[in-house]
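For reference, the structure discussed in these notes is given below.
Chain A is the first sequence line, chain B the second, and so forth, proteins listed ahead of strands; every chain is numbered from 1.
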Protein chains: 2
Amino acid sequence: MATIKDVAKHAGVAISTASAAINRSAPVSEEVIAKVEAAVRDIGYVPHAAAQSLRMGQSRLIGLILPDITNPHFANVARVVESVCLEAGYMAAVYSTNEDFDRERQILRMMRAQRVAGLIIIPTRSDATHGARLAGEIHVPTVLLDSYVDGLPYDVVKLDNVGAGRLATDYLLGLGHRRIAVTTGRDNIITGEDRLQGYLEAHAAFGVPVDPNLQITGKFLQAVAHDNTLALMRAPAPPTAIFALSNMMMLGVLNALRELKLSVPEDVSVICIDDFDYANIMNPPPTVVAAPVAKMAQTAIEQLFEEILNKSQPTMAVREFVPELIIRESCRRL
Amino acid sequence: MATIKDVAKHAGVAISTASAAINRSAPVSEEVIAKVEAAVRDIGYVPHAAAQSLRMGQSRLIGLILPDITNPHFANVARVVESVCLEAGYMAAVYSTNEDFDRERQILRMMRAQRVAGLIIIPTRSDATHGARLAGEIHVPTVLLDSYVDGLPYDVVKLDNVGAGRLATDYLLGLGHRRIAVTTGRDNIITGEDRLQGYLEAHAAFGVPVDPNLQITGKFLQAVAHDNTLALMRAPAPPTAIFALSNMMMLGVLNALRELKLSVPEDVSVICIDDFDYANIMNPPPTVVAAPVAKMAQTAIEQLFEEILNKSQPTMAVREFVPELIIRESCRRL
DNA sequence: TTGCTTACACGAAACGTTTCGTATAACAGC
DNA sequence: GCTGTTATACGAAACGTTTCGTGTAAGCAA
């Protein structure tokens with residue numbers, strides 16, 4: 001493969017001059033620039049990224065670590081990050097943790113070996129133990145997306161989750177529902193807890209008591225939400241509405257209701273947080289509280305570049321985005 | 001950041017010895033190995049991938065280039081590739097072309113700059129012009145997935161698309177349908193043409209004439225399939241069934257039918273190639289011809305590693321996978 | 001002409017690895 | 001005790017860049 005040495009020889013200049021001409025990093029005459037550029041084109045020179053990394057002490061690689069790329073929510077994030085990186089001449093390396101902590105560490109080590117310039121992490125846990133373990137593996141500018149992690153002192157870009165929980169619950173309460181079930185997240189991730197808090201706050205504001213039996217665990221997983229919905233609806237005094245704290249859990253809920261031959265929204269209303277790309281061909285088209293995913297991803301990657309390029313310290317700022325209620329056909333007025 | 005020099009100093013050995021101990025690349029006494037490993041742990045040494053790349057002339061990076069990561073079909077591929085890579089100590093760099101040729105070239109240049117060890121490409125075009133342009137940018141082992149490209153002499157892992165087209169059409173014909181519409185792909189991608197050929201062959205085998213008016217262009221895009229379905233169903237003599245050559249186009253078809261207040265399968269039966277992860281919460285659950293996506297992705301990445309690790313030449317073999325009919329509720333017997 | 005500045009081109013060092021040829025010590029054979 | 005062999009540790013070179021200090025010719029003022 002052609003090196004800059006070949007370019008220099010071909011253009012009849014020194015290596016350092018060729019480098020300066022290519023990168024405009026030092027004054028070079030127009031004439032020489034033209035010769036060098038011609039040489040680059042002629043021999044098809046593409047700089048060796050590893051050599052550049054080595055010399056400059058930093059690669060043009062951005063790591064994006066997320067729970068699962070097949071979840072459309074995260075795929076949308078990936079697409080945005082990837083585009084912005086490409087434009088900036090960086091390469092995005094996307095990795096799914098599959099919620100596996102060993103795997104997460106393995107990925108971080110690999111990112112470290114690659115000397116990535118920065119990291120965007122969509123965390124799977126928020127607790128300090130986990131944060132401490134992660135902290136030791138991170139040595140580059142980092143932005144946390146969707147949630148934060150205790151003990152990881154980085155910028156955060158997230159949804160107003162309490163607000164999202166309230167928005168969904170307010171809507172159901174406004175429709176006259178008084179027994180609203182909720183599929184919760186996992187204990188150790190704050191996103192779910194915040195959304196649940198919104199659910200509780202909305203009840204308090206409406207003066208409606210909450211029934212703890214209506215809070216079923218979903219762990220952000222489709223299968224878990226499915227199983228517990230089955231149990232919930234078979235128990236005495238089932239709810240008239242179900243609020244799924246994430247889109248994956250809503251799928252589980254819908255599947256369970258379908259198996260029970262309960263129709264939505266006639267028998268039970270359903271709402272969730274996070275929109276679906278293909279909402280309109282779903283059965284029924286779901287009413288959701290949507291997050292501005294693309295805008296959030298864009299903000300995260302831009303914040304990251306800000307820190308990388310200007311070598312600025314993380315402000316540890318938390319940027320919260322406002323959720324939006326999208327009314328479709330999965331909730332009915334009682 | 002700690003270097004191998006620090007490891008060597010800490011262990012009281014030479015750099016070359018430390019390297020040999022870490023990589024087991026030369027005989028080193030047990031005693032020294034122990035000392036070096038302790039040093040590695042103590043100072044948290046992680047090898048500098050760029051330096052390794054530079055020295056060894058190859059990176060531990062695999063490029064995966066696909067049309068669009070937010071398409072669940074491709075996301076599933078990405079997940080498999082990513083996992084296999086991670087296990088092998090490689091890093092996968094996933095990039096979406098968005099069917100944009102300039103962008104595809106830009107991505108390839110970046111892959112080249114990174115000196116990726118290998119490439120998996122899910123092509124967006126099959127024609128020779130495109131192949132020729134791509135060929136100049138590729139200098140590493142490559143495997144083509146889902147489709148091939150004229151003039152790109154690499155191994156191919158794909159579905160038996162003609163068979164898939166036949167399978168879907170046979171099924172509809174067997175249900176008594178005689179006017180079966182089909183949303184075609186793009187002219188310059190062979191996948192669509194093969195599937196269409198299966199459609200034609202099935203008709204011939206059944207002795208059913210095909211009506212060219214029932215072949216509408218879909219370009220593999222949801223929006224295009226949507227618009228043309230609208231026109232198709234409003235025209236005189238509409239079909240009793242629609243065969244979408246891809247899952248995205250089926251979404252467009254379903255949306256269009258929904259807008260026209262036509263129900264599936266009562267008014268019109270619908271089938272497509274490629275399954276949906278969330279098929280059972282769709283309206284209606286679609287009957288599809290599924291490809292063994294995970295198995296195909298696995299085969300592709302393993303074939304790629306075979307070529308990378310054994311430095312074997314591409315056999316230019318075409319591995320075809322057998323499609324499977326999954327009957328759900330979107331097709332009815334006439 | 002001389003001296004000073006400017007503009008540009010050059011050479012060499014350094015980034016962190018791996019690898020290859022060489023050095024040294026231990027040991028066996030005679 | 002000498003030579004030959006084996007086992008293991010070492011030093012130096014090389015991978016392809018960028019960068020910094022130096023060199024040189026041209027331009028300008030006096």
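In this structure, B:E30 places its CD atom 10 Å from P of D:dA9, rounding to the nearest Å. Protein atom CD1 of B:I4 is 15 Å distant from nucleotide atom P of C:dC15, rounded to whole Å. In this structure, NZ of B:K9 is placed 14 Å from C1' of C:dG16, rounded to the nearest angstrom. Between the CD atom of B:E31 and the P atom of D:dA7 there is a distance of 17 Å, rounded to whole Å. At whole-Å resolution of the value, NZ in B:K5 and P in D:dC10 are 15 Å apart. To the nearest angstrom, P of D:dT17 lies 8 Å from CD1 of A:I22. Straight-line distance from the CZ atom of B:R60 to the P atom of C:dG16: 20 Å, rounded to whole Å. Between the P atom of D:dG21 and the CD1 atom of A:I15 lies a distance of 20 Å, rounded to the nearest Å.
More than 12 heavy atoms of other shown residues, nucleotides or ligands fall within 6.0 angstrom of atom CZ in B:F220.
Of the side-chain N and O atoms in A:S19, one or more sit less than 4.0 angstrom from OP1 or OP2 of D:dT18. Proximity of A:T17 to the phosphate of C:dC10: a side-chain N or O atom is located under 4.0 Å from OP1 or OP2.
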Might you work through the side chain to side chain contact (heavy atoms under 4.5 Å, CB included) test for B:L221 and B:M248, ending with a clear yes or no?
CA-CA 6 Å; B:L221 297 174; B:M248 285 298 119; over 6 Å; no
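Taking the six-membered ring for Trp and thresholds of 30 and 60 degrees, B:F305 and B:Y90 have ring planes more than 60 degrees apart, a perpendicular arrangement.
Taking the centre of each ring, B:Y148 and B:Y154 stay at or above the 6.0 Å mark.
Of the residues in residues 48-56 of chain B, those placing a heavy atom less than 4.0 Å from an atom of DNA chain D are B:L54, B:R55, in numerical order.
Mapping A:S16 and B:P27 onto DNA chain D by nearest heavy atom places B:P27 closer to the 5' end of the strand.
Going from atom CD of A:E320 over to atom NZ of A:K158 covers 4.0 Å, rounded to the nearest 0.5 Å.
Ion pair B:R186/B:E99 flagged as a salt bridge, since at least one NZ, NE, NH1 or NH2 atom sits closer than 4.0 Å to an Asp/Glu carboxylate oxygen.
In summary, the side chains of A:T97 and A:T124 do not present any donor paired with an acceptor at a separation below 3.5 Å, with no hydrogens or angles considered.
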